[in-house]
Amino acid sequence: FFDPNCDGKQVMVHLFEWKWTDIATECERYLAEAGFCGVQVSPPSEHVILPENNYPWWQRYQPISYKLYSRSGSEADFIDMVHRCNKVGVRIYVDAVVNHMSGTGRSGTGDGGSSYNSNGDNRDFPGVPYSAEHFTPRNQCPSGDGNVNDYSNPSNVRNCYLVGLTDLYGNLDYVRNMVAGYFNNLIQIGVAGIRIDAAKHMWPEDIAATLSRLNDLPTDQGFPAGSKFYVFQEVIDQNDGAIKVDEYYNTGYVTEFRYCSKIAWGIKDYGQLGNLIDYGWGMARSDRAFIFTDNHDNQRGHGGGGNVITHETPRDYKQAVAYTLAQDYGFTRIMSSYYFTNTDQGPPSNGGYSTADVIINADGSCSGGWVCEHRWNVMKRMVEFRNSVVGTSMSNYWNNGNAVAFSRGNKGFFAMAKQGSMSENLQTGLPAGSYCNIIDDCASSIQVGSDGMAQISINNYEEPILAVCAGGCG
Ligand code: ARE
Ligand code: CA
């Protein structure tokens with residue numbers, strides 16, 4: 001569960017709410033060449049449809065079956081996407097919602113034709129099928145109203161209903177088999193791994209028992225024999241409750257949300273950049289930490305949002321992502337968003353439920369309401385940098401409060417200047433030679449002497465970043 005199965009590549013992108021047809025094309029026209037490991041896709045499982053809330057993005061976090069019919073497209077579109085992306089070496093990671101089904105008080109029919117009824121005491125999901133006996137018994141949940149409301153109590157967090165979502169009883173063999181069946185179907189199609197949504201609200205032993213039922217990845221989709229599903233688990237541990245990320249180390253990586261706050265502080269106050277990884281804080285060990293500057297929740301104030309940097313402040317955001325990809329902690333994901341004015345607002349649409357195509361402009365940027373951070377030049381270049389320096393650690397760390405620099409072994413060197421300019425003679429750790437800055441597409445370069453020293457100059461207000469690699473990046 002620990003290998004992302006992408007030939008050592010280091011960065012995944014979340015194409016939040018993109019349609020399967022657009023993702024397939026994006027793998028072929030951009031992601032493969034840019035060196036991305038893969039794509040986290042929005043939940044593909046059949047979900048509630050909520051016209052009364054104007055089809056919010058979060059309707060996909062209320063599954064009604066494990067059929068692959070969602071707002072992003074049909075099962076056939078999904079399979080075609082996985083196959084086309086695998087063919088060009090870009091992996092697909094599914095956002096798997098298996099802690100719960102729909103919210104209470106809902107009924108209807110999904111895109112795959114499955115009916116559901118969670119009104120009153122009904123828990124009918126014939127598309128799986130699940131019925132009332134498959135949901136966590138009320139007497140297992142210590143809260144007064146049956147909902148999660150006490151994060152200091154593991155039974156409350158894991159046995160009660162998260163924001164009113166009907167909680168699956170993961171202790172049952174039946175439930176474990178149904179969830180494992182869903183995952184094995186994804187595996188058979190060629191999906192390389194999953195994000196486990198709301199893993200914090202599931203018992204680690206239930207996750208382990210479910211994953212123990214999984215098959216190896218299929219060799220006919222280009223995976224070496226014996227490859228295992230990659231797993232990263234959404235556990236929001238901000239030192240604010242009883243559940244700790246390290247309870248989940250046996251079943252995969254864990255989301256490290258403290259990193260989001262830390263990088264935001266670091267960009268505001270460069271002096272803090274040296275202290276991003278704080279094991280005293282309980283941050284996950286590097287070979288289990290799944291990190292990102294922001295995600296689909298905290299960029300819009302859901303899921304403990306707040307002090308994070310997003311695409312809305314592009315200059316800061318470029319620095320935050322650049323630093324995240326330059327340093328050596330964790331496995332990294334970058335966000336690709338759509339513009340919104342309302343935090344519930346769904347993706348750009350053709351009116352109603354139908355998601356609009358992503359429009360690619362002649363200069364490679366996006367329009368039609370899609371931000372496409374992953375296509376910004378700084379992000380693209382830093383993906384090349386991270387892939388090029390894999391396996392090295394940070395050294396020659398230098399920070400004067402306004403600018404920061406470090407080497408990645410003898411393979412790469414990175415520098416960044418908060419005010420837009422710097423000029424310092426620094427140890428690069430690189431062999432003597434001339435190296436060009438990939439961030440400005442090699443318009444500038446540095447000359448490293450036989451002692452490894454170089455004059456490091458940055459003069460670029462919008463993108464005050466320098467990244468060079470021995471032998472070129474990417
Ligand atoms: C929606 C409505 C609710 C309604 C519910 C059921 O907003 O009002 O009661 O439906 O009908 C997303 C949205 C929710 C949405 C849900 C289902 O964010 O608003 O509810 O979909 O449609 C906790 C969890 C963490 C979770 C965050 C949001 O620990 O797992 O809350 N994140 C994931 C996803 C979300 C998704 C879900 C889970 C549900 O990434 O996108 O919800 O599938 C502290 C704690 C954290 C806690 C955080 C916020 O930081 O430490 O544990 O996160 O506060 O409460
Ligand atoms: Ca639960």
| request: Start with the C-alpha gap between Y323 and Y270, add the side-chain angles, then the distance that decides, and say whether ring-ring contact (aromatic ring centres under 6.0 Å, His included) holds. | output: CA-CA 11 Å; Y323 194 90; Y270 264 35; 7.8 Å; no
| query | Which of these passes side-chain hydrogen bond (donor to acceptor under 3.5 Å, both in side chains) with W58: N53, T343, D344? | reply | D344
| remark: Contacts satisfying side chain to side chain donor-acceptor pair (under 3.5 Å) that involve residues 360-369 (not counting sequence neighbours) are N361-S365, N361-S367, D363-S365
| Test ring-ring contact (aromatic ring centres under 6.0 Å, His included) applied to H47 and Y61, step by step | CA-CA 7 Å; H47 54 81; Y61 290 88; 9.5 Å; no
| Where the side chain of N5 meets the backbone of F229, is there a donor-acceptor pair that is under 3.5 Å apart? | no
| said: Could you walk me through whether H83 and F78 satisfy the ring-ring contact (aromatic ring centres under 6.0 Å, His included) test, starting with their C-alpha distance in whole Å, then the side-chain angles of each, then the deciding distance to 0.1 Å, before giving a yes or no? | reply: CA-CA 9 Å; H83 290 176; F78 180 85; 9.5 Å; no
| K380 atom NZ, over 12 foreign heavy atoms within 6.0 Å | yes
| field | N185-Q188 side chain donor-acceptor pair, cut-off 3.5 Å | value | yes
| field | Point-to-point distance, once rounded to the nearest 0.5 Å, from CD1 of I309 to CD of Q319 | value | 8.0 Å
Sequence neighbours excluded and cut-off under 3.5 Å, please list the side-chain donor-acceptor pairs for residues 410-422, or say none.
from	atom 1	to	atom 2	distance (Å)
K418	NZ	I267	O	2.9
K418	NZ	K268	O	3.2
Q419	NE2	N402	OD1	3.3

| query | Parallel, tilted or perpendicular for W370 and W18, by the 30°/60° rule? | reply | perpendicular
| request: Without swapping roles, check the side chain of Q345 against the backbone of F340 for a donor-acceptor pair under 3.5 Å. | output: no
| message | Could you go through C366 and V358, starting from their C-alpha distance and side-chain angles, then the distance that decides it, and tell me whether this counts as side-chain contact (heavy atoms from CB on, under 4.5 Å)? | response | CA-CA 7 Å; C366 296; V358 175; 4.0 Å; yes
| Do N437 side-chain atoms and A443 backbone N/O form a donor-acceptor pair below 3.5 Å? | no
| task | Without swapping roles, check the side chain of Q327 against the backbone of Y329 for a donor-acceptor pair under 3.5 Å. | result | yes
| request: Any chance you could measure Q299, atom CD, to H14, atom NE2, to the nearest 0.5 Å? | output: 9.0 Å
| Of the non-hydrogen atoms in Q272 and G266, which two are nearest, and what is the gap between them? | CB-CA, 4.0 Å
| query | Which value, rounded to the nearest 0.5 Å, describes the distance between D77 atom CG and I23 atom CD1? | reply | 11.0 Å
| With a 3.5 Å cut-off and no angle check, do the side chains of Y69 and S45 form a donor-acceptor pair? | no
| request: Check step by step if salt bridge (charged side-chain N to carboxylate O under 4.0 Å, His left out) holds for K228 and D3. | output: CA-CA 7 Å; K228 307 288 178 207; D3 179 348; over 6 Å; no
| Side chain Q233, main chain V235, donor-acceptor under 3.5 Å | no
| Do you know the tightest heavy-atom contact between K9 and F36? | NZ-O, 3.5 Å
| About how many Å separate CE of M453 and CG of N396, when rounded to the nearest 0.5 Å? | 9.0 Å
| query | If every non-hydrogen atom of G282 is compared with every non-hydrogen atom of R258, which pair is closest and at what distance? | reply | O-NH2, 3.0 Å
| Expected output: side-chain N307 to main-chain S261 donor-acceptor under 3.5 Å | no
| query | At what distance, to the nearest 0.5 angstrom, does OH of Y259 lie from CZ of F257? | reply | 14.0 Å
| query | Are F232 and F1 near enough that their ring centres are under 6.0 Å apart? | reply | no
| field | ring-ring contact (aromatic ring centres under 6.0 Å, His included) evaluation trace for Y317 with H311 | value | CA-CA 6 Å; Y317 195 60; H311 65 83; 7.0 Å; no
| task | Any pair with a residue in residues 440-453 that passes salt bridge (charged side-chain N to carboxylate O under 4.0 Å, His left out), sequence neighbours left out, goes on the list, sorted by first then second residue, please. | result | R381-D441
| task | First locate atom OG of S393, then atom CZ of R408, and finally report the distance between them rounded to the nearest 0.5 Å. | result | 7.5 Å
| said: Could you report the tightest heavy-atom contact between A199 and Y248, atom names first, then the distance? | reply: O-OH, 2.9 Å
| Is there a donor-acceptor contact under 3.5 Å from the side chain of T428 to the main chain of G452? | yes
| task | Just do the side-chain contact (heavy atoms from CB on, under 4.5 Å) check on S72 and V41 with the steps written out, would you? | result | CA-CA 9 Å; S72 285; V41 303; over 6 Å; no
| task | Before giving the answer on salt bridge (charged side-chain N to carboxylate O under 4.0 Å, His left out), spell out for R60 and E17 the whole-Å C-alpha distance, their side-chain angles and the decisive distance to 0.1 Å. | result | CA-CA 9 Å; R60 299 179 70 170; E17 285 282 7; 2.8 Å; yes
| message | Let's go through I456 and N425 carefully: what are the C-alpha distance in whole Å and the side-chain angles of both, what is the deciding distance for side-chain contact (heavy atoms from CB on, under 4.5 Å) to 0.1 Å, and is it a yes or a no? | response | CA-CA 6 Å; I456 304 301; N425 196 37; over 6 Å; no
| task | Please tell me if the side chains of P63 and Y182 come closer than 4.5 Å, counting only heavy atoms from C-beta onward. | result | no
| said: Please evaluate residues K318 and D316 with respect to the criterion salt bridge (charged side-chain N to carboxylate O under 4.0 Å, His left out), reporting the C-alpha separation (whole Å), side-chain torsions for both, the decisive distance (0.1 Å), and the verdict. | reply: CA-CA 5 Å; K318 289 173 190 170; D316 281 355; over 6 Å; no
| said: Under a 3.5 Å threshold, yes or no: a donor from one side chain and an acceptor from the other, between T332 and Q10? | reply: no
| task | Take E234 and K200, measure what salt bridge (charged side-chain N to carboxylate O under 4.0 Å, His left out) needs, and give me the verdict at the end. | result | CA-CA 7 Å; E234 193 224 5; K200 178 178 180 175; over 6 Å; no
| field | Contact summary for G38 and V90, nearest pair of heavy atoms | value | CA-CG1, 3.7 Å
| Is the backbone N or O of T25 less than 3.5 Å from a side-chain atom of E28, with the two atoms forming a donor-acceptor pair by type? | no
| said: Between E373 and S337 (side chain of the first, backbone of the second, donor and acceptor by atom type, cut-off under 3.5 Å), is there such a pair? | reply: yes
| field | Check: A320 main-chain N/O paired with T324 side-chain donor or acceptor under 3.5 Å | value | yes
| field | Pairwise side-chain contact, D95 with S42, heavy-atom cut-off 4.5 Å (strictly under) | value | no
| request: Go through the steps to decide whether D197 and N99 satisfy the test side-chain hydrogen bond (donor to acceptor under 3.5 Å, both in side chains), and finish with yes or no. | output: CA-CA 7 Å; D197 179 71; N99 169 66; over 6 Å; no
| query | Can you check side-chain hydrogen bond (donor to acceptor under 3.5 Å, both in side chains) on H374 and E26, steps first, answer last? | reply | CA-CA 11 Å; H374 68 291; E26 189 71 351; 2.8 Å; yes
| said: Between the side chains of E247 and R158, is the shortest nitrogen-to-carboxylate-oxygen separation below 4.0 Å, so that they form an ion pair? | reply: yes
| query | So, for K19 and T355, which heavy atoms are closest and what is the spacing to 0.1 Å? | reply | NZ-O, 3.0 Å
